Amino acid sequence: MKQSKRKYVPDLVKQSVICETNYARLLKLLPEDQEWCEYRISWHQHQFKVRIQRDEEFAFTSTYLVSYRPDTESQWVNPQTLVVRLYHDARMAEVVSMLGRRQLAGRYAYPNPDMHQPDEKFQLNLYLSEWLTQCFSTGEVVLPQSLVC
């Protein structure tokens, strides 16, 4: 008898905790009334710049671009940009897509033509959490030109 594979079911509690934490971290990392900020961080003997930039602002939501790139060219790390939507009424932030790609679904059948993991959205929110944590732990802010004395 062939055993059927169980479908991935998102864990909404875990997803909510990560999204709430990412929201709080993003607000603390971005200086008030600034459109963007940049952090220089260290991660496993590599130096990176993480840029957080406001893209859109509405009454109850904001969209930010969180991008990272290595300070020196690397064959192992490609620069990436995550599109992050902040829901101010729910105090949550979630990765909605990677720049230049379609919006992410909550879950994917596997296998699929784009080779997304069943929990791709959860993994990207966790990934964002790791970058934001790194900004807090080893980050050195690079101030926008308007703030440099």
Side-chain angles (χ1 to χ4, degrees), residues 8-58 60-108 110-149:
Y8 166 72
V9 178
D11 185 334
L12 297 180
V13 173
K14 279 186 184 177
Q15 188 97 348
S16 295
V17 168
I18 289 172
C19 290
E20 289 170 2
T21 305
N22 286 347
Y23 180 88
R25 287 180 180 144
L26 275 168
L27 290 184
K28 284 183 181 178
L29 287 170
L30 192 65
E32 263 187 62
D33 301 325
Q34 291 297 315
E35 294 293 318
W36 66 273
C37 68
E38 198 167 75
Y39 289 85
R40 190 173 299 117
I41 65 170
S42 299
W43 198 352
H44 302 290
Q45 292 93 30
H46 298 286
Q47 302 294 314
F48 294 89
K49 284 192 179 160
V50 176
R51 184 180 177 104
I52 303 168
Q53 181 173 346
R54 186 179 305 135
D55 187 42
E56 297 176 321
E57 187 75 36
F58 299 103
F60 299 106
T61 62
S62 302
T63 304
Y64 283 82
L65 303 176
V66 179
S67 55
Y68 61 90
R69 66 183 188 284
D71 268 354
T72 57
E73 219 172 289
S74 169
Q75 65 182 7
W76 304 108
V77 179
N78 291 328
Q80 295 289 331
T81 300
L82 302 172
V83 179
V84 181
R85 179 97 14 91
L86 277 70
Y87 303 99
H88 300 298
D89 52 347
R91 302 186 60 78
M92 298 176 99
E94 72 168 335
V95 177
V96 292
S97 69
M98 305 231 355
L99 199 61
R101 298 187 185 169
R102 288 182 289 178
Q103 189 162 341
L104 293 165
R107 68 179 173 147
Y108 290 94
Y110 193 80
N112 58 67
D114 294 326
M115 292 307 294
H116 289 296
Q117 294 297 310
D119 63 343
E120 186 90 9
K121 190 172 217 173
F122 176 77
Q123 288 186 36
L124 283 173
N125 280 300
L126 196 55
Y127 189 56
L128 172 65
S129 176
E130 291 172 4
W131 280 103
L132 297 177
T133 299
Q134 231 18 61
C135 287
F136 274 113
S137 61
T138 68
E140 175 186 320
V141 70
V142 178
L143 294 174
Q145 288 297 87
S146 62
L147 296 179
V148 176
C149 298

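Quick caveat, the model's predicted, so the values are computed rather than measured.
For the 3.5 Å distance criterion, the side chains of Gln134 and Tyr39 fail to qualify, holding no donor opposite an acceptor.
Between Val95 and Asn125, the shortest heavy-atom distance links the atoms N-OD1, 2.8 Å. Residues Ala93 and Leu26 approach most closely at CB-CD1, 4.0 Å, considering heavy atoms. Ile52 approaches Tyr64 most closely through the heavy-atom pair CG2-CD2, 3.9 Å.
Checked against salt bridge (charged side-chain N to carboxylate O under 4.0 Å, His left out), Arg91 has no partners two or more places apart in sequence or in another chain. The side-chain hydrogen bond (donor to acceptor under 3.5 Å, both in side chains) search around Glu20 returns none, not counting sequence neighbours. Residues satisfying the salt bridge (charged side-chain N to carboxylate O under 4.0 Å, His left out) criterion with Glu140, sequence neighbours excluded, are Arg40.
Contact check for Lys49 versus Asp71: side-chain heavy atoms found under the 4.5 Å cut-off. Side-chain contact between Leu86 and Thr61 is absent, with no heavy-atom pair separated by less than 4.5 Å. Within the 4.5 Å cutoff, the side chain of Gln53 has no heavy atoms near those of the Ser67 side chain. Using a 4.5 Å cut-off on side-chain heavy atoms (C-beta onward), Val84 and Asn22 make no contact.
In this structure, the separation between OG on Ser62 and OH on Tyr87 is 11.0 Å, given to the nearest 0.5 Å. Taking CE from Met92 and OG1 from Thr21, the interatomic distance works out to 9.5 Å, rounded to the nearest 0.5 Å. Between Glu35 atom CD and Glu57 atom CD the span is 8.0 Å, to the nearest 0.5 Å. Atom-to-atom distance recorded for Cys135:SG and Leu30:CG is 11.0 Å, nearest 0.5 angstrom. We find the CD1-CD distance between Ile18 and Glu130 to be 9.0 Å, quoted to the nearest 0.5 Å. Rounding to the nearest 0.5 Å gives a distance of 8.5 Å between CD of Gln47 and CD1 of Ile41.
Trp131 and Tyr68 have parallel rings, their planes meeting at less than 30° on a 0 to 90° scale where 60° marks the start of perpendicular.
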Evaluate the side chain to side chain contact (heavy atoms under 4.5 Å, CB included) criterion for residues Tyr23 and Glu94: first the C-alpha distance (whole Å), next the side-chain angles of each, then the deciding distance (0.1 Å), finally the verdict. CA-CA 8 Å; Tyr23 180 88; Glu94 72 168 335; over 6 Å; no
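Under a 3.5 Å cut-off, the side chain of Thr138 and the backbone N or O of Ser42 do form a donor-acceptor pair.
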